[in-house]
Amino acid sequence: MPELPEVETVMRGLEPVIMGAEITALDQRRKNLRIPFPDKFEKRLKGRKILSLRRRAKYILIGLDKGEILVIHLGMSGRVSIIPKGEDVELEKHDHLVLSFDNGVTIIYNDPRRFGMVFLVAESEWESHKNFAHLGPEPLGNDFSAPILQARLKDKNTSIKQALLDQRVVVGVGNIYACEALFMAGINPLKKARLVKGAKIELLVKAIRDVLTRAIKAGGSTLKDYRHADGQLGYFQHNFTVYNQEGAKCPTCDCDINKTNGIKRIIQSGRSTFYCPKKQK
DNA sequence: CTCCTGTCCTGCCGGC
DNA sequence: TGCCGGCAGGACAGGA
């Protein structure tokens, strides 16, 4: 599920609720997700105060006192729910972690497919940790620009679509926003990455930034009191232009009039790509 | 090295 | 109604 904007939204939703609070209990309801939960997990969390919340790529980093970071990755189907003080905690299927805080709030991590990860890493070592060491630039940060993207694409023999999904090239872009950004930039997803350059790179950088920024805004606007009505963070409805729009008319050209049949769906590396063959050359 | 495929897991949807 | 195949927003290991 979640790409950068959804992860950012979850983090922003958690921040005002748990910042400064102390963890009083952990109910760990199974032993692993994709990877095992940390040894002595509750012991290491209990009594810890939340000092910071950050996002890196699609990871949420929750800084604890005593020098450890609680790292959460939502995988494909992870969700976080906030149960406010005074409300009953009713557990549902696939609720794997239940964190209680001294301010009365409860946080639940739910993940049906269990592709997510939750682990601890020392504050001083997280950047060299194997999950973070090879990550590319943040697309909304200063280290993401046309020259930098071009440098990372120039030796890539794969398609531009697959290159954008490679977290070493740029982080946070997943299947949906890769499709959307390529559409905005007018680039064919099948085009070889190394052949995307010049003005097209400029357009692509702008498209990636725009599409992610707009999605974060949409996510933020769905956060009512920093959570959905049902308490869930992480899922919100977007209107995608091409993603999941197979057969629809492309909004910016007359592709379906000349019976090219509008938005097309193809498979690249086993994953769906949606695009307009007329607009995206 | 790079690139591609298979795999982890459950839920949902459409076709028969 | 039930069963089955296909597909789903991610990321990794392993093989070519």
Side-chain angles (χ1 to χ4, degrees), chain A residues 1-11 29-37 55-60 71-80 92-97 109-119 121 129-136 139 151-183 189-195 208 211-212 214-216 218-219 222 232-247 264-275:
Chain A
M1 133 230 176
E3 305 184 29
L4 184 150
E6 293 76 24
V7 177
E8 180 76 20
T9 300
V10 171
M11 187 206 69
R29 307 181 57 78
R30 55 175 298 121
K31 62 181 191 309
N32 65 313
L33 297 174
R34 265 196 63 184
I35 58 173
F37 288 123
R55 180 193 54 74
R56 173 75 172 111
K58 298 170 192 167
Y59 296 86
I60 296 169
V71 180
I72 298 177
H73 192 295
L74 299 170
M76 292 274 260
S77 56
R79 300 169 185 231
V80 172
E92 295 172 6
K93 204 172 178 184
H94 309 304
D95 284 344
H96 305 309
L97 292 177
Y109 179 92
N110 178 292
D111 187 357
R113 292 175 73 182
R114 306 204 299 273
F115 289 177
M117 298 178 240
V118 177
F119 58 93
V121 62
H129 185 273
K130 69 173 178 63
N131 289 56
F132 298 102
H134 302 109
L135 293 177
R152 287 175 183 260
L153 294 181
K154 77 173 173 28
D155 298 322
K156 286 235 163 249
N157 249 325
T158 42
S159 68
I160 185 64
K161 159 76 178 334
Q162 285 172 252
L164 291 181
L165 295 181
D166 184 341
Q167 302 295 297
R168 292 167 302 184
V169 172
V170 59
V171 302
V173 179
N175 205 36
I176 292 177
Y177 297 111
C179 292
E180 296 291 314
L182 287 169
F183 174 81
L190 294 161
K191 196 177 176 78
K192 288 225 185 257
R194 65 182 158 78
L195 300 179
I208 290 169
V211 79
L212 295 177
R214 279 191 286 114
I216 290 171
T222 68
Q232 286 193 351
L233 296 170
Y235 279 90
F236 43 89
Q237 211 55 49
H238 302 297
N239 294 318
F240 302 121
T241 313
V242 288
Y243 187 82
N244 242 344
Q245 303 294 321
E246 183 179 16
K264 212 174 151 188
R265 171 176 175 266
I266 58 172
I267 304 291
Q268 291 180 282
S269 254
R271 312 199 61 191
S272 290
T273 299
F274 299 86
Y275 74 113

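In what follows, chains carry the letters A, B, and so on, assigned in the order in which the sequence lines appear, proteins first and then strands, with residues in each chain numbered from 1.
Aromatic ring centres of Phe37(A) and His96(A): separated by at least 6.0 Å.
Gln167(A) places no side-chain N or O within donor-acceptor distance of the main-chain N or O of Gly136(A), the cut-off being under 3.5 Å.
Comparing dG9(C), dA8(C), dA11(C) by their nearest atom to the side chain of Arg265(A) picks out dA8(C). Minimum atom distance to the side chain of Lys93(A) is reached by dG11(B), of the listed dA11(C), dG11(B), dG9(C). Picking from dA8(C), dG9(C), dC12(C) the nucleotide with the shortest atom distance to the side chain of Ile176(A) gives dG9(C). Of the candidate nucleotides dT5(B), dC7(C), dC12(C), dC12(C) has the atom nearest to the side chain of Arg34(A).
Atoms CG (Asn131(A)) and P (dG10(C)) sit 16 Å apart, rounded to a whole Å. One can place CZ of Phe119(A) at 12 Å from C1' of dA11(C), the figure rounded to the nearest angstrom. Rounded to whole Å, atom P of dC12(C) lies 14 Å from atom CE of Met76(A). Counting to the nearest Å, the C1' atom of dG9(C) and the CG atom of Asn175(A) are 7 Å from each other. The distance from atom CE of Met117(A) to atom P of dC8(B) is 16 Å, rounded to the nearest whole Å. One interatomic measurement links the two molecules: NE2 of His134(A) to C1' of dA13(C), which rounds to 15 Å at whole-angstrom precision. Rounding to whole angstrom units, CD1 of residue Ile267(A) and C1' of dG6(C) are separated by 10 Å. Taking atom CD1 of Ile35(A) as the reference point, atom C1' of dA11(C) lies 11 Å away to the nearest angstrom.
Stacking between Phe115(A) and the base of dC8(B) is present: ring centres sit under 5.5 Å apart and the planes differ by under 30 degrees.
To the nearest 0.5 Å, atoms CG (Leu135(A)) and NE2 (His129(A)) are separated by 11.5 Å.
No hydrogens or angles considered: a donor-acceptor pair under 3.5 Å links the side chains of Lys161(A) and Asn175(A).
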Under the side chain to side chain contact (heavy atoms under 4.5 Å, CB included) criterion, do Lys58(A) and Leu74(A) qualify, and how do the steps go? CA-CA 8 Å; Lys58(A) 298 170 192 167; Leu74(A) 299 170; over 6 Å; no
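In this model, the phosphate group of dC4(B) is approached by a side-chain N or O of Gln162(A) to a distance below 4.0 Å at OP1 or OP2. OP1 or OP2 of dG9(C) sits under 4.0 Å from a side-chain N or O of Tyr243(A). Using a 4.0 Å cut-off, no side-chain N or O of Lys156(A) falls inside it from OP1 or OP2 of dT2(B). The phosphate of dG10(C) has neither OP1 nor OP2 within less than 4.0 Å of any side-chain N or O from His73(A).
Using Watson-Crick or G-U wobble geometry with both donor-acceptor distances under 3.5 Å, dC9(B) finds no partner in any strand shown. Both distances falling under 3.5 Å, in either a Watson-Crick or a G-U wobble arrangement, place dG14(C) opposite dC4(B).
Within the 4.0 angstrom heavy-atom criterion, only backbone atoms of the sugar-phosphate kind lie near Arg114(A); the bases stay farther away. Asn157(A) comes within 4.0 angstrom of the backbone, heavy atoms only, and of no base. Note on Thr158(A): only backbone sugar-phosphate atoms sit closer than 4.0 angstrom, heavy atoms only; bases stay farther off. Heavy atoms of Lys130(A) sit nowhere under 4.0 angstrom from any nucleic acid atom.
Separation of the P atoms belonging to dG14(C) and dC9(B) is 16 Å when rounded to the nearest angstrom. Atom P of dG6(C) sits at a distance of 14 Å from the matching atom of dG6(B), rounded to the whole Å.
Counting distance only, with no hydrogens placed and no angle test, the side-chain atoms of Arg113(A) and the base atoms of dA8(C) include a donor-acceptor pair under 3.5 Å.
DNA chain B is contacted by both His94(A) and Asp166(A); Asp166(A) maps to the nucleotide lying nearer its 5′ end (nearest heavy atom per residue).
Exactly one residue among Tyr59(A), Phe132(A), Phe115(A) makes a ring pair (Phe, Tyr, Trp, His ring centres under 6.0 Å) with His73(A). That residue is Tyr59(A).
Electrostatic pairing of Arg152(A) and Asp166(A) does not count as a salt bridge here, judged by no charged N lying under 4.0 Å from a carboxylate O.
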